[in-house]
Amino acid sequence: MGCRIDCSVQAEGTFAGSKPALRAALDLQGLVNALPAALSGRVTLGDARVLQLQELRLLSAGNTLQLSGSAGELLALEGTLQLRALGETLPGARGRGTGTFRIEGSREQPRVDASLELADLAWQGSTAERLALQLQGSRAAHVLRGSLRIPGIALDVACRGKESPDTGDWSGSCSRLELGTPKGLPDWQLDRVLRLDWLAPERRLSIDPFCLRSGGATACRTARVSISPAGIDGIALRSDALPVALLPALLPPEVSASGTLALAVQAARRGTEPLQLQASLSSPLLRFDALAASEEVPIELRDTAISLRRSGESIQLVGSALTGPEGRIEMALAAAGALPASALSGRIALRDVDTGPVLRLLPGSLEAGGRLGGEVRVDGSVGAPSLSGELTIGGGRFAHEALPQAIEDFSLALRFTGADATFDGQLRTRAGTGESDGALRWAGEDWSASLGLRADDLLLEPRRGTRIHVAPDIRVEIGPALARIGGTVRIPRADVDLEA
């Protein structure tokens, strides 16, 4: 910290005898951390060794702390705080706010009534829209209320406690803890009084087990948590029947969900080492209903199980689920190193997954079906994943309001190479058979796709007595700002019966 002070002090009084007296007018100005600072006001030391402060004002750039009152065997102090730019006093921070405080009583047991409100906060990578704190009472008994607003989350607490005058240890309890989550997610409330203890010599905070409730759902901390410079122990969260319907913000508005989730989380940290984390999520049955042409299309997942493990800079994610009559989805991913350059490895495997419900969600779709299977390897990094492998669709069928005839059977093979994928397949309609091919490419938000369709002889009958033989060879190209179709459609023969 750099500091330069220019000062002017006018003082008069005496320090002789048992009743010293002093009156002083202060006017100090200078720079602290290269920012202007000033201290001004009047100070009086009276006969009873009582210090009187008259509008003692500390300015740091645009921020002001003002004190008035007296301090002796008894205290009677009050003050205000104006923060116009927190960063001008605390380098690297941002924020603004106001505060007031009053201190009364004896020096051994002062009583405090203080409040602080801050807005637009930022410090060391963390941000908050609003922070409000209120403290009332003495060391022997006090009440703390707090309110925190960060984007999408609101936290309100009310606690009371007491401090040991001999050891400096603190013990208390919180009767209110309310957690508001982003719109569409459930809000949670504390279901019992929460006990906390602070051991001053060890600098250790202990928190008893507690539960948060939201409607009929419960999420419980099942172990006593210990937080100290030596590490964090005992973080254990469990919820056995969390309704998935409580999580509508995670779903599109046209999709409803039913079923329950079982959640378990355990975490610990030693010293400054990275947090060790184990989490699992499971459900016997999840059902999602989506609207397609005013008709509900159900998608069910059975025996869903997902586990997450973090150790140091390594993360492992494993999951599986059953779907449809015989479908199975499996996933195993691992990342090592700091994000987003973490080395990524793993696989995603699909077996006999029914594609009908997904294709039915396409606008204009009338009928759909098929079986999806295959395996895709995942490599590269989290920021730039690379894929390899093949997925195939067999036994497919698809009818669309824009197609003159339904596709009675189609097959498709999709092959992945890095950030590219190619596909080819065959299709059959009542009019004949054809072939398709294409390519996909993606790089973050930049993507492109092309689709080709060829057939030698498709028979169309747009009306009775009219038979048209067509041979299409067309290609469609699409992207974020591109949609283009080209090619030829030959008509080698057409028969029209005018009497039909």
Side-chain angles (χ1 to χ4, degrees), residues 292-293 297 350 353-374 376 387-498 500:
V297 178
L350 308 175
V353 175
D354 185 6
T355 61
V358 177
L359 294 177
R360 280 286 286 114
L361 298 180
L362 296 175
S365 174
L366 302 176
E367 182 186 4
R371 290 289 182 269
L372 173 65
V376 177
L387 307 181
S388 61
E390 180 176 292
L391 298 178
T392 61
I393 299 178
R397 64 186 188 281
F398 185 62
H400 193 277
E401 61 185 17
L403 293 176
Q405 294 179 352
I407 299 176
E408 299 174 348
D409 181 70
F410 74 88
S411 61
L412 186 70
L414 180 62
R415 303 174 184 86
F416 296 90
T417 305
D420 300 323
T422 60
F423 63 89
D424 57 64
Q426 293 79 40
L427 60 89
R428 175 174 57 81
T429 71
R430 191 164 56 88
T433 60
E435 298 178 347
S436 64
D437 63 59
L440 303 172
R441 180 175 178 81
W442 59 90
E445 297 182 357
D446 186 18
W447 61 274
S448 63
S450 65
L451 168 66
L453 175 65
R454 298 178 303 278
D456 293 331
D457 188 5
L458 294 180
L459 177 60
L460 304 181
E461 297 184 61
R463 53 175 294 178
R464 192 178 65 169
T466 301
R467 299 162 60 87
I468 303 175
H469 297 260
V470 298
D473 185 358
I474 60 177
R475 182 159 294 276
V476 179
E477 296 181 2
I478 58 175
L482 171 69
R484 183 171 58 200
I485 184 171
T488 61
V489 178
R490 294 187 302 108
I491 305 178
R493 179 182 172 184
D495 298 315
V496 179
D497 186 351
L498 299 180

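Everything quoted here is computed from the prediction, not taken from an experiment.
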**Prompt:** CG of Leu453 to CD1 of Ile474: how many Å apart, nearest 0.5 Å?
**Reply:** 5.0 Å
**Item:** Close side-chain approach of Leu359 and Arg397, heavy atoms under 4.5 Å
**Value:** no
**Request:** Hey, could you give me the CG/OG1 distance between Asp409 and Thr429, rounded to the nearest 0.5 Å?
**Result:** 11.0 Å
**Message:** Give me the atom names and distance for the closest heavy-atom approach of Ala471 to Pro492.
**Reply:** N-CD, 4.3 Å
**Prompt:** What distance do Ile407 atom CD1 and Thr433 atom OG1 have between them, rounded to the nearest 0.5 Å?
**Reply:** 12.0 Å
Without placing hydrogens or testing angles, list every side-chain donor-acceptor pair under 3.5 Å for residues 421-428, not counting sequence neighbours.
| from | atom 1 | to | atom 2 | distance (Å) |
| --- | --- | --- | --- | --- |
| Asp424 | OD2 | Arg415 | NH1 | 2.7 |
| Gln426 | OE1 | Ser411 | OG | 3.4 |
| Arg428 | NH1 | Glu408 | OE1 | 3.0 |

**Prompt:** Less than 4.0 Å between a side-chain N and a carboxylate O, is that true for Asp420 and Arg441?
**Reply:** yes
**Request:** Return yes when atom CG of Asp456 has more than 12 non-hydrogen atoms of other residues, nucleotides or ligands closer than 6.0 Å, and no otherwise.
**Result:** no
**Ionic contact status for Asp354 with Arg371, cut-off 4.0 Å** = yes
**Partner set under side chain to side chain contact (heavy atoms under 4.5 Å, CB included) for Val358, not counting sequence neighbours** = none
**Request:** Could you tell me whether the side chain of Phe416 reaches within less than 4.5 Å of the side chain of Leu391, counting heavy atoms only?
**Result:** yes
**Request:** Spell out, as yes or no, whether a donor-acceptor pair under 3.5 Å connects the side chain of Arg360 to the backbone of Ser365.
**Result:** yes
**Asked** Above 12 or not: heavy atoms from other molecules or residues under 6.0 Å from CZ of Arg454?
**Response** yes
**Asked** Where do Gly434 and Ala455 come nearest, in terms of heavy atoms and distance?
**Response** CA-CB, 4.0 Å
**Qualifying residue for side-chain contact (heavy atoms from CB on, under 4.5 Å) with Leu350, from Leu372, Thr355, Thr392** = Leu372
**Item:** Minimal non-hydrogen separation, Ser450 against Glu477, with atom names
**Value:** CB-CG, 4.1 Å
